[in-house]
Amino acid sequence: MSASPETPAADAATTATTDAASNPTPAPAPVTVLGLGPMGRALASAFVAAGHPTTVWNRTEGKADELVAQGATAASTPAEAVAASELVVICVIDYAASGSILEAAGDAIKGRTLVNLTADSPDRARAAATWATERGADYLDGTILTPTVTIGTPDAVFLFSGPEELYETHRATFASLGGTATYQGADYGRAAAYDVALLDFFWTSVSGLMHAFALGRKEDVAARDLAPFARGILDILPPIMDLLAGNVDDGVYPGDDSHIISVAAGIDHVIHAADDRGMDTGVLRAARAVAQRAIDEGNGTDGIERLAEVLGRPAA
């Protein structure tokens with residue numbers, strides 16, 4: 001039997017229609033992206049794909065062409081770009097570059113929310129926040145922990161720091177970039193602190209990998225043949241990393257299974273092999289010197305967690 005206008009089913013349908021009309025889904029907010037290097041282009045492309053009216057600007061002409069073809073609008077000046085959107089995302093090489101661009105935008109930044117996703121140091125993030133807020137802009141700092149190919153996908157990882165209410169206001173827009181976004185607190189430099197620490201780990205690790213490939217080649221071991229065994233080392237790192245992190249935080253340096261004296265001996269073996277083959281051993285010798293500092297301080301039988309304490313002080 002069909003429901004009449006007086007039936008509960010009809011009433012429910014009418015209520016749902018009324019609710020949908022009175023509470024429409026908000027339209028995607030306009031966004032400006034300053035800087036169209038590989039990461040900036042990826043960010044802008046994700047915003048366009050999510051339906052945000054997106055304005056882009058780059059110092060070098062031509063980099064906006066592909067984004068314009070996707071639906072973005074190219075601005076001719078930083079001021080024009082900033083004026084186009086309440087939310088302005090900047091991602092360039094460093095804070096000297098971002099500062100120069102924002103200076104060029106002049107009074108257009110007043111009343112805007114600036115989100116700086118440029119990689120740089122925590123202190124520079126805090127200085128940038130002070131500069132922006134003194135000129136009437138709201139400011140969030142952020143960092144991107146994954147490569148360009150992840151932007152707009154579930155694999156992207158972002159960290160943000162600054163005023164929490166500002167982060168919450170724009171959280172839905174940040175979701176257009178994909179993956180996960182984590183708020184790290186009110187300290188403007190907090191996201192950058194994570195960034196530099198993790199880049200420290202990444203680049204010293206990659207440097208070690210390249211040195212390993214170079215050393216292998218000296219003995220006619222191809223890098224692609226060594227790589228599967230290198231991955232095996234990576235596989236054992238996660239549980240070791242969690243254990244070491246807990247011990248570092250607790251100030252505990254057990255050396256029962258392996259201690260710094262044995263670590264130093266292992267580094268010596270690699271240095272000797274590399275020296276015999278005429279290789280650069282600068283990074284290895286730096287690591288060996290840190291181990292020696294711990295030994296000289298009477299902590300050679302401690303675990304490698306002790307090295308975090310040694311590295312936290314300047315070398316003599």
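Only heavy atoms go into these numbers, but all of them, side chains included; no hydrogens, no water, no symmetry mates. A quick note: this is a predicted structure, and the numbers were derived from the prediction, not measured.
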Q: Looking at residues at least two apart in the chain, or sitting in another chain, which of them share a side chain to side chain donor-acceptor pair (under 3.5 Å) with Arg231?
A: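 Listed in chain order: nothing, the list is empty.
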Q: May I ask you to say whether Arg313 pairs ionically with Glu297, meaning some side-chain N is under 4.0 Å from a carboxylate O?
A: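 Answer for the salt bridge query: yes.
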Q: With a 4.5 Å cut-off on side-chain heavy-atom distances among I, L, V, M, F, W and Y, is there a chain of contacts connecting Leu177 to Val89?
A: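 Yes, Leu177 and Val89 fall within the same hydrophobic cluster.
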Q: Side-chain donor-acceptor contacts of residues 63-74 below 3.5 Å, not counting sequence neighbours, with atom names and distances?
A:
residue: Gln70; atom: OE1; partner: Ser45; partner atom: OG; Å: 3.0

Q: Between the main-chain N or O of Asp187 and the side-chain N or O of Arg126, is there a donor-acceptor pair closer than 3.5 Å?
A: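 A pair under 3.5 Å: no.
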Q: Give a yes or no answer on whether the side chain of Asn58 reaches the backbone of Leu36 with a donor-acceptor pair at less than 3.5 Å.
A: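 Looks like yes, one N/O pair under 3.5 Å.
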Q: Please list all pairs meeting ring-ring contact (aromatic ring centres under 6.0 Å, His included) that have one or both residues in residues 49-80, counting only residues at least two apart or in different chains.
A: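 Listed by first then second residue: Phe47-His52.
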Q: State whether the side chain of Arg277 and the backbone N or O of Ala273 hold a donor-acceptor pair below 3.5 Å, judged by distance alone.
A: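 The answer is yes, because a donor-acceptor pair under 3.5 Å joins these two groups.
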Q: Extract all donor-acceptor atom pairs below 3.5 Å that involve side chains of residues 139-154 and protein atoms in other chains or at least two apart in sequence.
A:
residue: Tyr139; atom: OH; partner: Asn116; partner atom: ND2; Å: 3.4
residue: Tyr139; atom: OH; partner: Asp141; partner atom: OD1; Å: 2.8
residue: Asp141; atom: OD1; partner: Tyr95; partner atom: OH; Å: 2.3
residue: Asp141; atom: OD2; partner: Tyr95; partner atom: OH; Å: 3.1
residue: Thr143; atom: OG1; partner: Asp195; partner atom: OD1; Å: 3.0
residue: Thr143; atom: OG1; partner: Asp195; partner atom: OD2; Å: 3.2
residue: Thr146; atom: OG1; partner: Thr150; partner atom: OG1; Å: 2.8
residue: Thr146; atom: OG1; partner: Val157; partner atom: N; Å: 3.1
residue: Thr150; atom: OG1; partner: Pro147; partner atom: O; Å: 2.7
residue: Thr153; atom: OG1; partner: Thr150; partner atom: O; Å: 2.6
residue: Thr153; atom: OG1; partner: Asp155; partner atom: N; Å: 3.2

Q: For Phe160, what residues pass the ring-ring contact (aromatic ring centres under 6.0 Å, His included) criterion, not counting sequence neighbours?
A: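 Expected list: Tyr167, Phe174.
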Q: Looking at Ile109, is its backbone amide N or carbonyl O close enough to the side chain of Arg135 to form a donor-acceptor pair, meaning the two atoms are under 3.5 Å apart?
A: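 No; judged by distance alone, with no hydrogens or angles, the pair does not exist.
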Q: Applying salt bridge (charged side-chain N to carboxylate O under 4.0 Å, His left out), name anything that partners Arg41, two or more places apart in sequence or on another chain.
A: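 Counting only residues at least two positions away or on another chain, Arg41 forms no salt bridge (charged side-chain N to carboxylate O under 4.0 Å, His left out).
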Q: Holding to side chain to side chain donor-acceptor pair (under 3.5 Å), I want the full list of residues that pass it with Asp94, two or more places apart in sequence or in another chain.
A: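 Expected list: none.
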Q: Please check: side-chain N/O of Thr113 versus main-chain N/O of Leu87, any donor-acceptor pairing under 3.5 Å?
A: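 Pair absent, no side-chain N/O of Thr113 close to backbone of Leu87.
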Q: Thinking salt bridges, do Asp268 and Arg288 make one under a 4.0 Å N-O criterion?
A: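 A salt bridge links Asp268 with Arg288.
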Q: Taking Glu165's backbone N and O only, do any of them form a donor-acceptor pair with Thr169's side chain (distance below 3.5 Å, no angle check)?
A: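 Indeed, once roles are kept as given, a pair shorter than 3.5 Å links the two residues.
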Q: Sub-3.5 Å donor-acceptor pair from the side chain of Thr204 to the main-chain atoms of Asp200, do we have one?
A: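 Yes.
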Q: Measure from the side-chain N and O atoms of Thr32 to the backbone N and O of Ala81, and report whether any donor-acceptor pair falls under 3.5 Å.
A: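 A pair under 3.5 Å: yes.
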Q: Please name all residues satisfying side chain to side chain donor-acceptor pair (under 3.5 Å) with Arg190, sequence neighbours left out, ordered by chain then number.
A: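 Expected list: none.
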Q: Salt bridge or not between Asp107 and Arg112? Use side-chain N to carboxylate O under 4.0 Å.
A: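 Judged by the 4.0 Å cut-off on N to carboxylate O distance, Asp107 and Arg112 do not form a salt bridge.
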Q: Looking at Arg306 and Asn299, would you say the former's side chain and the latter's main chain have a donor-acceptor pair under 3.5 Å?
A: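 Between the backbone of Asn299 and the side chain of Arg306 there is no qualifying donor-acceptor contact (under 3.5 Å).
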Q: Measure the shortest side-chain to side-chain distance between Arg285 and Asp275 over non-hydrogen atoms and say whether it is less than 4.5 angstrom.
A: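 They are in side-chain contact.
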Q: Could you give the side-chain donor-acceptor pairs of residues 247-255 under 3.5 Å, partners two or more places apart or in another chain?
A:
residue: Asn247; atom: ND2; partner: Glu305; partner atom: OE2; Å: 2.7

Q: Hey, can you pull the donor-acceptor pairs under 3.5 Å for the side chains in residues 205-212, sequence neighbours left out?
A:
residue: Ser205; atom: OG; partner: Phe201; partner atom: O; Å: 2.5
residue: His211; atom: NE2; partner: Asp280; partner atom: O; Å: 2.7

Q: For Tyr183, check side chain to side chain donor-acceptor pair (under 3.5 Å) against everything at least two apart and list the hits.
A: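 Listed in chain order: nothing, the list is empty.
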Q: For Arg124, is there any backbone N or O sitting under 3.5 Å from a side-chain donor or acceptor partner on Ser121?
A: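 Checking the backbone N and O of Arg124 against the side chain of Ser121, a donor-acceptor pair under 3.5 Å is found.
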Q: Going by heavy atoms in the side chains, are Leu102 and Ile90 under 4.5 Å from each other?
A: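 Sidechains of Ile90 and Leu102: in contact.
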Q: Is the shortest heavy-atom distance from the side chain of Ile304 to the side chain of Leu244 under 4.5 Å?
A: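 Yes, at least one pair of side-chain atoms sits under 4.5 Å.
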Q: Below 4.5 Å, heavy atoms only, C-beta onward: do Leu43 and Cys91 meet side chain to side chain?
A: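 When only atoms from C-beta onward are counted, Cys91 and Leu43 do touch, with a gap below 4.5 Å.
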Q: Only pairs at least two apart or in different chains count here, so list each ring-ring contact (aromatic ring centres under 6.0 Å, His included) that has a residue in residues 257-290.
A: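 Residue pairs with at least one partner in residues 257-290: there are none.
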